[in-house]
Number of protein chains: 2
Amino acid sequence: MNAAAQPPSRGERPHTGRRRNEAAHRAILDAAMRLLAASEGAPITIDAIAREAGVGKQTLYRWWPSKGAVLLDALHDRADHDVPAPDTGSLRDDLRTLIAATFDAARHTPTGPALRTLVREAARDPHLTEMLRTFTAARRAAVREVAARGVERGELPANTDLDLMVDQFYGLFWYRFLLGHAPLDHATADRLTDSLLGGLGGLGMRGPKGAGR
Amino acid sequence: MNAAAQPPSRGERPHTGRRRNEAAHRAILDAAMRLLAASEGAPITIDAIAREAGVGKQTLYRWWPSKGAVLLDALHDRADHDVPAPDTGSLRDDLRTLIAATFDAARHTPTGPALRTLVREAARDPHLTEMLRTFTAARRAAVREVAARGVERGELPANTDLDLMVDQFYGLFWYRFLLGHAPLDHATADRLTDSLLGGLGGLGMRGPKGAGR
DNA sequence: TCTTGTCGAGACCGGCAGTCTCGTCAAGGC
DNA sequence: GCCTTGACGAGACTGCCGGTCTCGACAAGA
């Protein structure tokens, strides 16, 4: 993001003049994250971020090209990078862990509401749309990797449609996450895992082991 | 939508004065739909609708409360109300038909791009958000109805999580529809049906009967 | 012909993203 | 210790857009 860290960056002349105020930088990111997480649906204004950070608007535009860039940077900054890809040797365990962790992060961390707000902002900001697209692509790739290991181990047949599997997970997640009409709890994570792996026969047709969920 | 069709609507006094211009009404809806379907991602302005329809802005606001209402009305107007709920007696057939019809409508009718634009608009319009919420709820209920009939006929166990099943379908649909990173073709519809019903064992583990898809 | 209410046109307001300017202040060079 | 450089906070300003208000013209009934 901060491509302008060395403004002209031309040649060898050492930097002169007042240095960048790191405190202001942090204050902006923190303020943006605070507003992202707190604003329940309401849009976020540049002036609000600047005011919340105790900073002039120009300082903000000196280091970021647009509002969307600030918001995305704030999210990435605090983005715990939760939900790493587990590798226990069991696809079922890996997948269940991954799904449950994703659900938990959405429900119990400030990243959840922030991401919801960011998606709304992205609807009007082509720049942000593109960044969100690569973000989701990276997440899909990570899950696909886990599933591909399952195929290598023979836990899934070689002709499995991994892309469909991944999209069924993230599709359900985003659908419920954004609409909020149905829960994203552990019971759902378990049932979804079973459905995707299909080992016990899909959404119904489960033995007593999975029936109590 | 047109709650103001009889402006004051108070008492018995018959309508006097110039009557509503139906041609203008149609021109507005048509213009809105045209713009909705054509604007690839770009937002739609009220002035653009009025200009496209050859109409004053005030005429527009006389009959609709907001921009979102016009857009939604335009979509509902042309909304073929495609994708009715089939009832052939076979859950697998019904579901596959439903899913394929939904995919087709998104790909091959002007409703597709229009809906995409509408979702983007809804991100900034609470009114429209709410309307879209009830819209999706109705669609979910229709699919759930089809699945419930399958349970009654014993094609699915009684403890099946119908809500999860429905959301897996619409989740995948919206996810791919809005991101556009993967196809929504008939092959996908078939595989998704098999996965949801799980009769052949989920995404992989299918016998030769379903393997050719 | 008079009243009523719609019509197209366009001025206007308020909010917001992004730019520009200004006086101030810190870091380094001399 | 002074001077240049560039970041800083503050806020005026522009342009765009959703929505409102006003105006003269016009149509339908009384």
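A note on names: the letters A, B, ... follow the listed sequences, proteins ahead of strands, and every chain is numbered from 1.
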For A:Arg19, salt bridge (Lys or Arg N to Asp or Glu O under 4.0 Å) partners two or more places apart: none
Check: A:Arg140 side chain, A:Val166 main-chain N or O, donor-acceptor pair, under 3.5 Å: no
Whole-Å distance separating the CG atom of B:Asp47 from the C1' atom of C:dA11: 12 Å
Residue B:His181 excluded, over 12 heavy atoms near NE2 under 6.0 Å: yes
Nearest-Å distance for atom pair CD1/C1', residues A:Ile49 and C:dC16: 12 Å
Presence of A:Thr59 side-chain N/O under 4.0 Å of D:dA7 phosphate oxygens OP1/OP2: no
Sugar-phosphate only, base, or nothing, as touched by A:Ile44 at under 4.0 Å among non-hydrogen atoms: sugar-phosphate
Below 4.0 Å: OP1/OP2 of C:dG5 and any side-chain N or O of B:Trp63: no
Spacing of B:Lys67 atom NZ relative to D:dC16 atom C1', expressed in whole Å: 12 Å
Salt-bridge contact A:Arg191-B:Asp163 (side-chain N to carboxylate O under 4.0 Å): no
Nearest to side-chain heavy atoms of A:Ile46, which nucleotide of C:dA17, D:dC8, C:dC7: C:dA17
Whole-Å distance separating the NE2 atom of B:His127 from the P atom of D:dG19: 10 Å
N-O pairing of B:Glu152 and B:Arg149 below 4.0 Å: no
Interatomic distance where CG belongs to A:Leu71 and C1' belongs to C:dA17 [whole Å]: 12 Å
What protein N or O atoms touch nucleotides 20-27 of chain C N or O atoms at under 3.5 angstrom, if any, and at what distances?
{"residue": "C:dC20", "atom": "N4", "partner": "A:Gln58", "partner atom": "OE1", "Å": "2.7"}
{"residue": "C:dC25", "atom": "O2", "partner": "A:Arg18", "partner atom": "NH1", "Å": "3.2"}

Closest listed nucleotide, where the reference is the side chain of A:Thr45 and the choices are C:dC7, C:dC16, D:dG18: C:dC16
Residues forming a side-chain hydrogen bond (donor to acceptor under 3.5 Å, both in side chains) with B:Asp47, sequence neighbours excluded: none
B:Asp125 and B:Lys67 ion-paired at < 4.0 Å: no
Euclidean distance, atom CZ of residue B:Arg20 to atom C1' of D:dC26 [Å, nearest integer]: 18 Å
d(NE2, A:His25; C1', D:dG9) in whole Å: 17 Å
Rounded distance (Å) that lies between atom P of C:dA17 and atom CG of A:Leu128: 13 Å
